[in-house]
Amino acid sequence: MRDRLPFPPRHWPLAVAALILAAGILAVFGPSEIATNPVFGASTSLYRQVDAVTSTWPSEMGTLTELAAEALLFALAAMLAAALWWGRGDANTLAVGLAGGAGAAASALATLAVKSVVTEERPCTAVPGVHALAECPPMGDWSFPSNHSGIAAALATAVVLASYAARRIWLCVLAAASAVVVAMLRVVSGVHYPHDVAAGLVFGASIAVAVAIVLTPVTAHLLRRVGLGGRVPAGEPRY
């Protein structure tokens with residue numbers, strides 16, 4: 001009976017708060033009437049300023065920024081794998097890290113779903129007179145929210161969840177900084193508005209946190225059943 005799964009999870013209010021935050025981000029950054037949204041106007045103005053700076057850069061920089069963003073996503077996945085490996089002897093750390101990884105996958109799917117509903121046109125085709133460094137995605141590959149930023153933020157969140165308890169603060173900082181750089185590169189390459197990537201970061205992290213909270217008791221239970229992750233240290237909660 002001791003190993004029975006708790007329901008709801010002991011941190012369920014935080015999961016609900018994370019989902020409310022994700023919904024709030026969509027309400028503020030992605031309303032149906034984009035033309036009257038002041039956030040969209042400010043974001044477009046900032047996008048033009050970035051474009052004015054990058055318009056003199058060589059075309060090869062577009063490819064470089066795209067490759068750098070992809071490379072950082074792989075680096076974040078490697079950080080999560082490393083965090084899971086280092087925490088393999090601790091049941092709680094391993095359970096939280098695995099649940100965070102599932103949250104990253106859920107965040108990617110949720111971001112794609114939101115894109116298909118909002119259907120915001122890419123700035124490199126919607127804003128006249130701009131010069132995008134990277135090749136502009138075709139119509140139907142919508143802009144809001146940034147999927148790269150959402151995935152990066154979700155992976156970084158999983159890394160933080162798996163690393164913080166083990167006091168690997170340097171890995172938490174590195175993961176968070178990498179996610180922010182991914183978001184910035186998407187704007188610099190010209191394929192996203194600043195509000196796309198800002199929303200992607202918060203939305204991705206919020207979904208990852210909510211899913212991790214819900215799934216951590218499940219992963220902890222499964223780890224105990226198969227004998228992985230070692231014992232839960234005395235005095236720490238059993239999820």
Side-chain angles (χ1 to χ4, degrees), residues 5 9-22 25 69-114 145-186 197-224 226 228-230 232 236-237 239:
L5 289 175
R10 60 191 301 270
H11 297 303
W12 68 268
L14 182 57
V16 173
L19 291 177
I20 292 174
L21 177 60
I25 287 296
E70 299 290 343
L72 282 172
L73 289 182
F74 281 106
L76 282 164
M79 291 180 208
L80 178 57
L84 292 174
W85 175 258
W86 288 329
R88 65 191 183 279
D90 178 75
N92 280 345
T93 299
L94 193 56
V96 170
L98 289 172
S107 174
L109 295 175
T111 303
L112 290 175
V114 172
S146 166
N147 199 37
H148 279 74
S149 301
I151 294 173
L155 285 172
T157 300
V159 172
V160 170
L161 291 174
S163 302
Y164 183 76
R167 293 184 172 84
R168 291 189 174 87
I169 305 301
W170 65 271
L171 189 58
C172 298
V173 173
L174 181 60
S178 297
V180 172
V181 172
V182 169
M184 294 173 62
L185 287 172
R186 299 304 285 167
V197 300
L201 287 173
V202 180
F203 184 78
S206 299
I207 296 297
V209 166
V211 173
I213 289 172
V214 172
L215 288 187
T216 292
V218 178
T219 55
H221 179 77
L222 292 175
L223 287 171
R224 290 197 298 270
V226 300
L228 295 176
V232 178
E236 292 191 11
Y239 288 99

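Quick caveat, the model's predicted, so the values are computed rather than measured. All residue numbers refer to positions in the sequence shown, counting from 1.
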J.: Can you give me the closest heavy-atom contact between Arg186 and Ser146, atom names plus distance?
T.: CG-OG, 4.2 Å
J.: Restricting to non-hydrogen atoms, name the atom on Val197 and the atom on Ala183 that form the minimum distance, rounded to 0.1 Å.
T.: CG1-O, 3.4 Å
J.: Distance from Trp170 atom CH2 to Ser163 atom OG, nearest 0.5 Å?
T.: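 Reported to 0.5 Å precision, the distance equals 8.0 Å.
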J.: For Val159 versus Leu80, what's the shortest heavy-atom pair and its separation?
T.: CG2-N, 3.6 Å
J.: If you look at every heavy atom in Ala212 and Ala99, which pair is closest and at what distance?
T.: O-CB, 3.6 Å
J.: Please walk me through it: do Leu185 and Leu72 pass side chain to side chain contact (heavy atoms under 4.5 Å, CB included)?
T.: CA-CA 10 Å; Leu185 287 172; Leu72 282 172; 4.1 Å; yes
J.: Heavy atoms only: give me the nearest Ala77-Leu155 pair and the separation to one decimal.
T.: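 The pair with the smallest heavy-atom distance is N-CD1, 4.1 Å.
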J.: Starting at CG of Asn147, measure out to CG of Leu112 and round the result to the nearest 0.5 Å.
T.: 4.5 Å
J.: Give me the atom names and distance for the closest heavy-atom approach of Val182 to His148.
T.: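 Smallest heavy-atom distance, with atoms named: CG1-O, 3.9 Å.
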J.: Do any N or O atoms from the side chain of Ser107 and from the backbone of Gly103 form a donor-acceptor pair under 3.5 angstrom?
T.: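 Absent.
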J.: Report the distance from atom CD1 of Ile207 to atom CG of Leu109, rounding to the nearest 0.5 Å.
T.: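 One gets 11.0 Å once the value is rounded to the nearest 0.5 Å.
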